[in-house]
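Right, one structure below, let's go through it.
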Amino acid sequence: MKTQHFFFLPLLFLSDFLAVESISPNERKLRKAKLPKIRKENSVLLLKKSNFDRALKETKYLLVEFYVSLSQASQNVSKEFAEAARLLKKEAPRIQFGKIDVTDQHDLRKEFNIQEFPTVKFFVDGIREAPIDCKGVRRASAFITWLKRQTGPSTVLINSTDQVEAIINADDLAVIGFFKELHNDSVEVFRETAKDVPEMPFGMTSSEDICAHYGIQTNALVVFKKGKPVHNEVLEDGRRNKLDLTRIIKTFTLDLVTEYNLETSVKIFDVPVENHILLFIPTNSETFNTTYENYKSAAAEFRGKIMFVLVNTNETRNGRIFEYFRIREVDVPAVRILNLTSQAKYKMPADEVTVENVRHFCQSYLDGKAKLHLSSEEIAEDWDKMPVKVLVGQNFNRIVFNRTMTVFVMFYAPWSYDCRKLLPIWDELGEKYQSHKDVIIAKIDITANDVLSVAMDRYPFFRLFPAGPDIQEVPYVGEHNLEAFSEFLEEQIKMKAETREKGPSRGMKGVLSQKETVITEKEEL
């Protein structure tokens, strides 16, 4: 019987071969024609929902830029992205570059949770889930270095002091890891960190002679600036993770105090430090030099924990940032702390900008003792008399988070052309649903009112808060016209009604409302 099995095995292979050979050239063309087409532009694949799967399946490494065509930031990065694709085309053919305009690719934007533009993600082996984020990379050379470190060795192994000197003197900044041996957790964290900091060279060594030459006695990461050590970070297994090291290293790409302007704003937000302290002051004032030196003197102590930023109040192009922090001319000099994750703002209690006052403010914030500084307009007497209800910080939580009403809110900035263009359409929506007793159409000027219970987005943005006991927030990502707004609202109301028919909810809104009341009380303070 075994002999018979072996006798038939070649016949099976032969029959498969004949079946493949029997496919005519025309059939092959038809099969190929059925595959979604992928066009190229400047060595970059033009991707969308219909061809994204094919691109993943056919590439080992795929770096994708999610962008908005009208965004200047997207346009700037796209040029560098295309240049990187052109330079790597022959050197690394297994690496492909692609881009997706999320203006009309809403499904892909939602699937990969694209909140900022541009966003760059790296897909490996065609795996769609959990791509690697490529953060803070803006230049073609940095894209190339980042990809090489993702797909190959991320650091240079150093065997001599001459090698160290060559690396630390080749660029303004360099990072060297000094280790007793190259097989421990700290080394692995160092290697992973190098992947996320393509702006500067990384090297590592376990040579006793090299460590002794630079006076290193324990595992350490040393940042060199123009050939001289400026920071020594002791590395103990389990004490520092990749984000900690990335945060510390990237702060050296900026000055100890960085002046905010159009050029530096991108660099400031690329450094993964979520706490920013800002000094608002006119740089031509008589007290500027003294105030600035006091502010700067406190900065070194908080490097990697709080980023120190200077905002020149004489610069008219900084008007939006004054508006965001509600800084008036009579307030300056003023000091504020902003948490980028929660958008929470804090005001320095002391009026005078001294080293001790700044230091105390920063430490009390890090210790969780600083008080929130929340702004709100006053509640207008006729706030609920028009079809579109006017919300402010003081009444937002009370109106939006309730059991009986579905509330659809437009978050806008009065200076924004896009927002002003949409306000008449939003008024039409309010008129259309004016007679619905369980629906509220509302708007809030987000530049004048702080709302911590909602994550901020690009103006204008829209959120629907369904009626019922549960805390829910549904983002609107559709077209900005009356028909689309109405369809979305009707669909959400219908879904909520169907859910209600299936059974009662556990009533989380009642539990969470206590938390929301606390926020409201802070706003009123």
Side-chain angles (χ1 to χ4, degrees), residues 247-248 251 254-261 264-265 268-269 271 273-316 318-378 392-394 446-452 456 518-525:
R247 187 182 291 127
I248 291 167
T251 59
L254 298 170
D255 295 330
L256 199 54
V257 175
T258 303
E259 182 175 353
Y260 180 90
N261 54 47
T264 62
S265 60
I268 288 170
F269 292 108
V271 176
V273 175
E274 69 173 3
N275 306 310
H276 290 191
I277 185 169
L278 302 95
L279 168 63
F280 294 86
I281 187 171
T283 55
N284 63 352
S285 70
E286 293 179 3
T287 60
F288 172 74
N289 289 334
T290 303
T291 304
Y292 176 77
E293 287 304 319
N294 289 341
Y295 184 67
K296 185 178 179 181
S297 296
E301 183 180 337
F302 299 97
R303 185 185 280 278
K305 298 175 184 176
I306 301 176
M307 184 179 296
F308 278 63
V309 179
L310 168 70
V311 183
N312 180 9
T313 56
N314 277 343
E315 175 55 70
T316 55
N318 289 337
R320 297 281 170 80
I321 197 168
F322 308 151
E323 193 174 75
Y324 180 75
F325 283 92
R326 284 81 168 177
I327 299 293
R328 302 166 300 171
E329 191 173 339
V330 296
D331 297 326
V332 297
V335 178
R336 300 284 189 272
I337 285 178
L338 171 69
N339 180 284
L340 297 185
T341 303
S342 67
Q343 298 295 313
K345 305 183 191 79
Y346 302 81
K347 178 182 178 181
M348 188 170 76
D351 292 328
E352 192 177 356
V353 183
T354 65
V355 178
E356 189 53 41
N357 285 342
V358 175
R359 185 181 290 132
H360 182 266
F361 180 41
C362 291
Q363 195 57 55
S364 65
Y365 167 75
L366 293 175
D367 293 341
K369 296 176 181 178
K371 292 182 180 179
L372 278 168
H373 178 70
L374 299 173
S375 300
S376 173
E377 295 176 298
E378 292 299 318
V392 295
Q394 292 183 38
I446 205 62
T447 67
N449 299 278
D450 290 321
V451 179
L452 293 186
M456 294 299 102
V518 172
I519 294 173
T520 304
E521 288 171 357
K522 287 180 180 176
E523 289 172 344
E524 289 171 348
L525 288 172

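The analysis underlying the following values was restricted to heavy atoms, covering all of them including side chains, and did not include hydrogens, waters or symmetry mates.
Between the CG atom of N318 and the CG atom of L310 there is a distance of 9.0 Å, given to the nearest 0.5 Å. Note that the OG1 atom of T313 and the CZ atom of R328 stand 14.0 Å from one another [nearest 0.5 Å]. We find the CG-OG distance between L372 and S342 to be 7.5 Å, quoted to the nearest 0.5 Å. Taking CG of D331 as the start and CZ of F322 as the end, the distance is 11.5 Å to the nearest 0.5 Å. Atoms CZ and NZ, on R247 and K305 in that order, are 11.0 Å from each other to the nearest 0.5 Å. Taking CD1 of I446 as the reference point, atom OH of Y324 lies at 8.5 Å (rounded to 0.5 Å).
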*Given I337 and I277, is the side chain to side chain contact (heavy atoms under 4.5 Å, CB included) satisfied, shown in steps?*
CA-CA 4 Å; I337 285 178; I277 185 169; 3.8 Å; yes
_Set out, in order, the CA-CA distance, both residues' side-chain angles and the distance that settles side chain to side chain contact (heavy atoms under 4.5 Å, CB included) for F302 and V273, then state yes or no._
CA-CA 11 Å; F302 299 97; V273 175; over 6 Å; no
*asked:* Run the side chain to side chain contact (heavy atoms under 4.5 Å, CB included) test on L279 and V358 for me, step by step, so that the C-alpha distance in whole Å, both residues' side-chain angles and the decisive distance to 0.1 Å come before the verdict.
replied: CA-CA 10 Å; L279 168 63; V358 175; over 6 Å; no
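In terms of the ring-ring contact (aromatic ring centres under 6.0 Å, His included) criterion, residue partners of F280 (sequence neighbours excluded) are, by chain and number, F325. Scored by the side chain to side chain donor-acceptor pair (under 3.5 Å) test, N289 finds no partners at all (sequence neighbours excluded).
For the pairing with M307, the side-chain contact (heavy atoms from CB on, under 4.5 Å) check across N275, T258, L254 returns one residue only, L254.
Side chain of T291 to backbone of V353: no donor-acceptor contact under 3.5 angstrom is found. Put simply, the side chain of N449 gets close to the backbone of E377: a donor and an acceptor are under 3.5 Å apart. At distances below 3.5 Å, not a single donor-acceptor pair connects side-chain atoms of R336 with backbone N or O atoms of H276. Judged by distance alone, the side chain of D450 and the main-chain N or O of S375 form a donor-acceptor pair under 3.5 Å. With hydrogens and angles ignored, the 3.5 Å screen pairs no side-chain donor or acceptor of T290 with any backbone N or O of T287. Between the N339 side chain and the A344 main chain, no donor and acceptor come within less than 3.5 Å of each other.
E259 and Y292 share no donor-acceptor pair across their side chains, judged by distance under 3.5 Å alone. Between the side chains of N261 and T264, at least one donor N or O lies within less than 3.5 Å of an accepting N or O.
In terms of heavy atoms, E352 sits closest to M348 at O-CE, 3.8 Å. Contact between I248 and T251 at its shortest, heavy atoms only, is O-OG1, 2.6 Å. When every heavy atom of V392 is checked against every heavy atom of E378, the shortest pair comes out as CG1-O, 3.9 Å. Taking both residues in full, the closest heavy atoms of Y260 and S265 are given as CE1-CB, 3.6 Å, listed atom of the first, atom of the second, then distance.
Under the ring pair (Phe, Tyr, Trp, His ring centres under 6.0 Å) criterion, the residue pairs touching residues 336-361 are Y346-Y365, with sequence neighbours excluded.
A salt bridge is absent between E323 and R320; no separation between the charged side-chain nitrogens and carboxylate oxygens falls under 4.0 Å.
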